[in-house]
Amino acid sequence: MRLTILGGGGFRVPLVYRALLDDPARSVSEVTLYDTDPLRLKVITDVLARLAQDHPAPVAVRLADDLDTALTGADFVFSAIRVGGTAGRVRDERIPLSEGVLGQETVGAGGVLYGLRTIPVARHLAERVAARAPGAWVINFTNPAGMVTEAMSQVLGERVIGICDSPVGLVRRAARAAGADPAAFADPRRLRYDYVGLNHLGWLRSLAVDGTELLPGLLADDAALASFEEGRLFGGEWLRTLGALPNEYLHYYYFRRETLDALRDTARTRGEFLDRQQGGFFERAAAGDPDAAHALWERIRLEREETYLAHSREASGRWQRDSEDLEGGGYDRVALALMRALTDGRGTRLILNVRNGTTVPQLAPDAIVETVCEVTAEGARPLPCAPLREDQLGLMLQIKAVERATVAAATGQDHAAALRALALHPLVDSPAVAARILARAAAA
């Protein structure tokens with residue numbers, strides 16, 4: 001199979017390539033990288049060359065000079081772009097914070113601003129895929145993953161699937177904390193779970209191994225909850241009140257005051273940290289010995305993982321991430337499992353961003369949801385789930401309205417839809433604030 005990565009100069013591309021090298025099935029024979037930034041592409045190519053150096057049968061890497069060439073003949077396309085770079089993320093976060101509301105890459109006003117900038121480009125990519133590689137599966141890594149996947153699906157239908165490593169990480173950590181047999185993690189016949197929501201807005205509501213439900217016991221055990229990230233983020237009392245384990249990004253919604261206070265007190269936002277960190281990495285790697293680029297990348301990658309969701313951790317007790325969660329590679333494992341299931345016909349179950357169908361009856365059939373799917377060579381089919389509680393459904397409906405308004409604004413240059421997307425977000429507390437954020441973003 002031939003894989004094309006759009007955003008091939010992205011910092012996390014080596015994680016994907018490392019997973020392909022470790023794949024015993026040798027599913028991918030060639031990787032094509034395309035990026036609009038030649039310096040970043042050169043640096044990442046050096047890192048990949050070092051990864052492949054001692055491998056007995058490395059996956060071939062090809063660079064493409066233009067988009068259509070990159071797409072032609074592809075069986076799979078990974079969309080991993082960052083429109084505006086990390087400098088754009090800095091603006092997405094700082095503009096809302098200047099108005100006293102949360103700004104984050106995928107959550108709140110920052111997520112809406114990022115979506116408005118990214119969706120037109122993502123839709124163009126989808127149109128070129130349809131023209132040059134109509135039989136390819138598109139796996140979308142690009143954030144905000146839910147609304148970007150929804151925009152691309154308007155062109156590609158069910159042949160675009162969004163992925164995120166947060167849900168599978170939650171399932172893995174919860175199962176480990178509950179004392180589940182580690183061998184069950186990779187066996188969908190033994191490990192069953194109910195997870196439903198939108199990207200960065202979902203809940204794990206059931207977790208069973210060999211038919212035994214583990215979640216109630218885990219929620220009742222404060223020591224077990226304190227042993228993993230989501231338990232420490234939300235605290236046992238609140239988790240028992242919810243009766244579920246939320247995706248880590250729901251901390252922005254449930255503890256918005258504490259998180260906003262932590263952000264206000266920080267010298268640098270996450271975007272500013274990454275802008276400085278990654279900018280420094282690419283400059284040093286480009287100017288130095290290509291053989292040293294891999295070691296430098298590994299150091300920077302570990303630092304990036306150690307500081308993930310730092311402000312939420314600051315707001316919930318200043319705890320450090322577990323060593324198991326610093327490995328990275330969540331996205332690449334999900335992507336590789338998805339690719340295998342779409343090609344080998346044996347099938348598996350994964351948490352993915354796909355069209356809703358009838359999974360959540362209150363949402364439109366074409367709305368993108370994040371839920372458990374059965375994946376075969378025919379595609380990813382969302383499984384039925386238990387009815388949502390009113391608080392879960394209410395938040396999903398409101399955020400889905402924001403997402404769809406953002407898609408409408410970005411694809412139709414609709415100012416009213418953009419204002420509606422910002423003003424209706426539960427983390428933006430005033431239409432006047434929304435209008436000022438939108439105006440400042442347009443002028444930036």
Report yes if some heavy atom in the side chain of [X] is under 4.5 Å from a heavy atom in the side chain of [Y]; otherwise report no.
| X | Y | result |
| --- | --- | --- |
| Thr348 | Leu338 | no |
| Glu230 | Pro246 | no |
| Val171 | Leu191 | yes |
| Leu233 | Leu250 | no |
| Glu370 | Leu352 | no |
| Tyr114 | Arg82 | yes |

> According to the interplanar angle, ranging from 0 to 90°, do the rings of Phe141 and Phe78 count as parallel (below 30°), tilted (30 to 60°) or perpendicular (above 60°)?
Replying inline: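 Tilted.
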>> Would you call the rings of Trp297 and Phe11 parallel, tilted or perpendicular, taking 30° and 60° as the class edges?
In response: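 If you compare the ring of Trp297 with that of Phe11, the planes turn out tilted.
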Atom pairs and distances, donor-acceptor, side-chain atoms in residues 83-91, under 3.5 Å, two or more places apart:
| unit_1 | atom_1 | unit_2 | atom_2 | d |
| --- | --- | --- | --- | --- |
| Thr86 | OG1 | Asp275 | OD1 | 2.5 |
| Arg89 | NE | Glu93 | OE2 | 2.8 |
| Arg89 | NH1 | Glu105 | OE1 | 3.2 |
| Arg89 | NH2 | Glu93 | OE2 | 3.4 |

>> If you apply the rule side-chain contact (heavy atoms from CB on, under 4.5 Å), what do you find for Arg173 with Glu248, and how did you get there?
In response: CA-CA 12 Å; Arg173 289 187 288 269; Glu248 57 203 347; 3.9 Å; yes
> Regarding Thr106 and Asn143, is there a side-chain donor-to-acceptor distance under 3.5 Å anywhere?
Replying inline: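 The answer is no; no qualifying pair exists.
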> Between Arg123 and Gln154, does any side-chain donor sit less than 3.5 Å from a side-chain acceptor?
Replying inline: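 On atom types as modelled, these side chains qualify, holding a pair under 3.5 Å.
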Does [atom1] in [X] sit with more than 12 non-hydrogen atoms of other residues, nucleotides or ligands closer than 6.0 Å?
| X | atom1 | result |
| --- | --- | --- |
| Gln398 | CD | yes |
| Glu158 | CD | no |
| Gln53 | CD | yes |
| Arg276 | CZ | no |

>> Assess the residue pair Leu51 and Leu48 against the criterion (side-chain contact (heavy atoms from CB on, under 4.5 Å)); give the C-alpha distance rounded to whole Å, side-chain angles, the decisive distance to 0.1 Å, and a yes or no.
In response: CA-CA 5 Å; Leu51 286 171; Leu48 301 193; 4.2 Å; yes
Any salt bridge linking [X] with [Y]? Criterion: basic side-chain nitrogen under 4.0 Å from a carboxylate oxygen.
| X | Y | result |
| --- | --- | --- |
| Asp366 | Arg355 | no |
| Glu30 | Arg2 | yes |
| Asp92 | Arg270 | no |
| Arg50 | Asp54 | yes |

> Can Leu239 and Leu245 be said to form a side-chain contact (heavy atoms from CB on, under 4.5 Å), step by step?
Replying inline: CA-CA 6 Å; Leu239 291 175; Leu245 291 175; 3.8 Å; yes
>> Has Lys42 got a side-chain atom pairing as donor or acceptor with Gly9's backbone, closer than 3.5 angstrom?
In response: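 Side chain of Lys42 to backbone of Gly9: no pair is present.
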>> Please check: side-chain N/O of Thr343 versus main-chain N/O of Arg340, any donor-acceptor pairing under 3.5 Å?
In response: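 The answer is yes, because a donor-acceptor pair under 3.5 Å joins these two groups.
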> Is the Lys NZ or Arg CZ of Arg176 less than 6.0 Å from the centre of Phe228's six-membered ring, within 45° of the axis?
Replying inline: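 Pair Arg176/Phe228 does not count as cation-pi.
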> Between atom CD1 of Ile139 and atom CZ of Phe76, what is the distance when rounded to the nearest 0.5 Å?
Replying inline: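 The CZ atom of Phe76 is 5.5 Å from CD1 of Ile139, to the nearest 0.5 Å.
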> From Leu201 CG over to Glu403 CD, what is the distance, rounded to the nearest 0.5 angstrom?
Replying inline: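 Between atom CG of Leu201 and atom CD of Glu403 there are 8.5 Å.
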> side-chain contact (heavy atoms from CB on, under 4.5 Å) with Ile81: which of Val148, Val121, Asp35?
Replying inline: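 That would be Val121.
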